[in-house]
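Following: one structure in structure tokens, then a few remarks.
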Amino acid sequence: MRVVVDLTRCQGYGQCVFLAPDVFTMHEEALLYDLQPADERREHVLRAAAACPVQAIHLDRTASTPNDDHERAPVMEDGRIVIVGASLAGARAAEVLRREGFAGTLTMIGAEAGEPYDRPPLSKQVLTGQVPPEHTLLPRLREIGAEWLCGTPAAALDVAGKRVLLADGREVGFDRVLLATGTRARPWPDEAEAALEGVHTLRDARDAAALRRALAAGPRRVLILGGGFTGSEIASVCRELGLPVTLVERGPAPLHNAMGGVIGDVAAQLQREHGVDLRCGTTVTALEGDGGRLSGARLSDGSTVEADVAVVALGSVRNVEWLRDSGLAVGAWGVTCDAGCRAVDSNGLVTDDVFVAGDIARFPHPLYEYQFMSLEHWGNAVAQAEVAAHNMVSDQAHRWPHLSVPVFWSSQFGVNIKSVGVPTFADQIVFVQGSPAERRFVAVYGYRGRITAAVTFDQAMWLEFYQHQIERAAPFPPSFRHVGGGADGGPVPARVPERLVATAGATVVVTGHDPAERRASLVHPG
């Protein structure tokens, strides 16, 4: 295995150093690495490459089977493959298809014009002005030889006829298709208020460029609606720029929905320490304008906030409307698929030629009681795209399951927050190292006596260790000792939110009597 790092893209996040310290090291702000690491470091290098937030690590081989040095498994080398969604998951899948040996026709369909780009920098370096939006393009690790149909979204999927219908009337046939259309920002529900000058969302490069201009103009106050990761990162940028900011969060604390109340309390303290006017347990009931421009907002507690810039950070909407009449199991939850990324139809049957990856995929995870989950994580999009691409060109005997443990990261208020596993799949939490008061700790989550997740604040070197603990269902609370172990007592309730069930999705209707006639169909509201 040979390693090459695009140092013009590397921004010193240090994920690779934590995951493969024998291969990557940081000397002040410069990254040093072994160009040809030993074979026994292979797994660590693969994880480091997958975790790199800016895709700076290039490998001659990014994945293989354990028997890769022997006889290769047969693959689909010819035919027509279409990828709908030309962002991170779609781009990675295209690269893997070519690496696996697919030499047929490959078509990329994307709603946005231009080449695929990376989204994590949009809420970080782009907003601060460190990186212009056009510098977030994803690197092409190989010439994939694809036909790019960008700027025209897909309008429908004909599974039986094996064709994708585009919004401009064109049709693209396929032998196999990958659905990777991702998500979009959830808009403010009142269209007139959302159209006020100064009201923003943040999802794509154009959003980031517009919000950057608004922040650079020096607004009197920025109002952020939503205290998830995106809202919290934007609040952090505002304070870094010296801008007054008010963050309104429906829940009891920021990050509560993703990490539970214990970590949410720490995040709330962190924000207030950095000057954020944090309003929890309340919502914005109306955005107010003056002459077509935002002037402030009314809150559910009766108070008002004066602001000339507002960022709506209320989560995302999965881009699956175009699939409603496809016969697939599609709803507000995304597109249901099996662990091999094969789409499931409305009858619950697995399809052979339709695959799903990325933010819209709803898949069962064996580590979490086979519950179906959708993960809007950068790392999940990459790992799932690789599995989907491999399975698209492999026979049944050589397909892979998507078993990656979710990994997530965020940088806000000078703290590097990272997690592994699913923190909300837990009933208890314990601080095993460091201290929340110092904003430097490791917190481990448990469910029914086993470790299910870990969250670190400026202690990311422990992530790989806890990933192994999760994978082997290690007992909770942890019984091993760490140097500098946590001094905050034993496990406490994790205070995670109740698992939400989508209520705006389709209703399942079953018809027929004879087993050969029994069918399920989806009835969508409206």
Side-chain angles (χ1 to χ4, degrees), residues 1-2 39 42-43 45-47 49-50 58-86 88-109 140-148 157-164 172-180 328 335-345 348-358 361 363-366 380-404:
M1 171 183 290
R2 287 188 56 81
D39 289 342
R42 180 178 178 281
E43 181 179 353
V45 174
L46 292 178
R47 287 180 174 174
H58 298 192
L59 310 178
D60 59 351
R61 297 160 66 190
T62 57
S64 65
T65 63
N67 298 320
D68 191 56
D69 292 332
H70 304 293
E71 183 179 356
R72 284 182 58 86
V75 298
M76 171 182 165
E77 297 181 355
D78 201 4
R80 300 172 300 172
I81 289 182
V82 173
I83 297 176
V84 187
L88 176 63
R92 175 55 64 94
E95 295 165 356
V96 174
L97 285 170
R98 292 308 192 196
R99 185 201 68 212
E100 291 285 325
F102 176 71
T105 301
L106 179 58
T107 303
M108 303 284 295
I109 299 173
R140 292 193 185 180
L141 305 189
R142 61 175 68 235
E143 286 298 325
I144 60 176
E147 176 188 14
W148 292 78
L157 177 68
D158 180 358
V159 176
K162 290 193 172 184
R163 55 186 184 141
V164 177
V172 182
F174 64 82
D175 294 310
R176 286 183 177 161
V177 62
L178 175 65
L179 313 178
L328 299 178
V335 184
T336 304
C337 62
D338 70 356
C341 303
R342 296 180 299 175
V344 173
D345 70 14
L349 298 175
V350 175
T351 60
D352 291 324
D353 303 318
V354 182
F355 293 75
V356 195
F363 64 99
H365 204 304
N380 180 73
V382 171
Q384 197 167 39
E386 292 193 354
V387 170
H390 170 83
N391 290 348
M392 290 178 81
V393 295
S394 300
D395 60 25
Q396 181 66 34
H398 296 90
R399 285 177 174 167
W400 300 340
H402 176 50
L403 299 177
S404 294

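All values reported here derive from a predicted model rather than from experimental measurement. These values consider heavy atoms only, across backbone and side chains, with no hydrogens, waters or symmetry-generated copies.
The two atoms that bring V335 and A343 nearest to each other are CG1-CB, 4.5 Å, heavy atoms only. Taking all atoms of both residues into account, the shortest heavy-atom contact from C337 to P364 is O-CD, 3.2 Å. For the pair G358 and A89, the tightest heavy-atom approach, listed with the atom from each and the gap, is CA-CB, 4.3 Å. For M108 against A94, the heavy-atom pair with the smallest separation is SD-CB, 3.8 Å. Minimum interatomic distance between R98 and G145 (heavy atoms only, all atoms of both residues): NH2-O, 3.0 Å. Looking at every heavy atom in both residues, W148 comes nearest to A86 through CZ3-CB, 4.1 Å.
Listed for the D395 side chain is a donor-acceptor partner under 3.5 Å among the backbone atoms of H398. Side-chain atoms of D345 come within 3.5 Å of backbone atoms of L349 as a donor-acceptor pair (strictly under, hydrogens ignored).
Residues E77 and V75 form a side-chain contact, since some pair of their non-hydrogen atoms from C-beta on lies under 4.5 Å apart. With contacts defined as side-chain heavy-atom distances shorter than 4.5 Å, the pair L179/L157 qualifies. With contacts defined as side-chain heavy-atom distances shorter than 4.5 Å, the pair T351/L328 qualifies. At least one side-chain heavy atom of V164 sits under 4.5 Å from a side-chain heavy atom of F174. Side-chain contact between M392 and F102: absent, with no pair of heavy atoms (C-beta onward) separated by less than 4.5 Å. With a 4.5 Å cut-off on side-chain heavy atoms, C341 and V387 count as touching. Residues I81 and D175 have side chains not in contact (no heavy-atom distance under 4.5 Å, counting atoms from C-beta outward).
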R99 vs E95, salt bridge (charged side-chain N to carboxylate O under 4.0 Å, His left out): CA-CA, chis, key distance, verdict: CA-CA 6 Å; R99 185 201 68 212; E95 295 165 356; over 6 Å; no
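The side-chain contact (heavy atoms from CB on, under 4.5 Å) check on A93 picks up I83, L178, A385, A389, with sequence neighbours excluded. The side chain to side chain donor-acceptor pair (under 3.5 Å) check on T105 picks up nothing, with sequence neighbours excluded. Under the side-chain contact (heavy atoms from CB on, under 4.5 Å) criterion, E147 pairs with T107, L149, sequence neighbours left out. In terms of the side chain to side chain donor-acceptor pair (under 3.5 Å) criterion, residue partners of R399 (sequence neighbours excluded) are, by chain and number, Q396. In this structure P366 satisfies the side-chain contact (heavy atoms from CB on, under 4.5 Å) test together with Y370, L403, sequence neighbours excluded. Residues passing the side chain to side chain donor-acceptor pair (under 3.5 Å) test with S394 are H390, sequence neighbours excluded.
The distance from the NE2 atom of H365 to the CG atom of N380 is 8.0 Å, given to the nearest 0.5 Å.
The only member of D353, D352, N391 that meets side chain to side chain contact (heavy atoms under 4.5 Å, CB included) when paired with R176 is D353.
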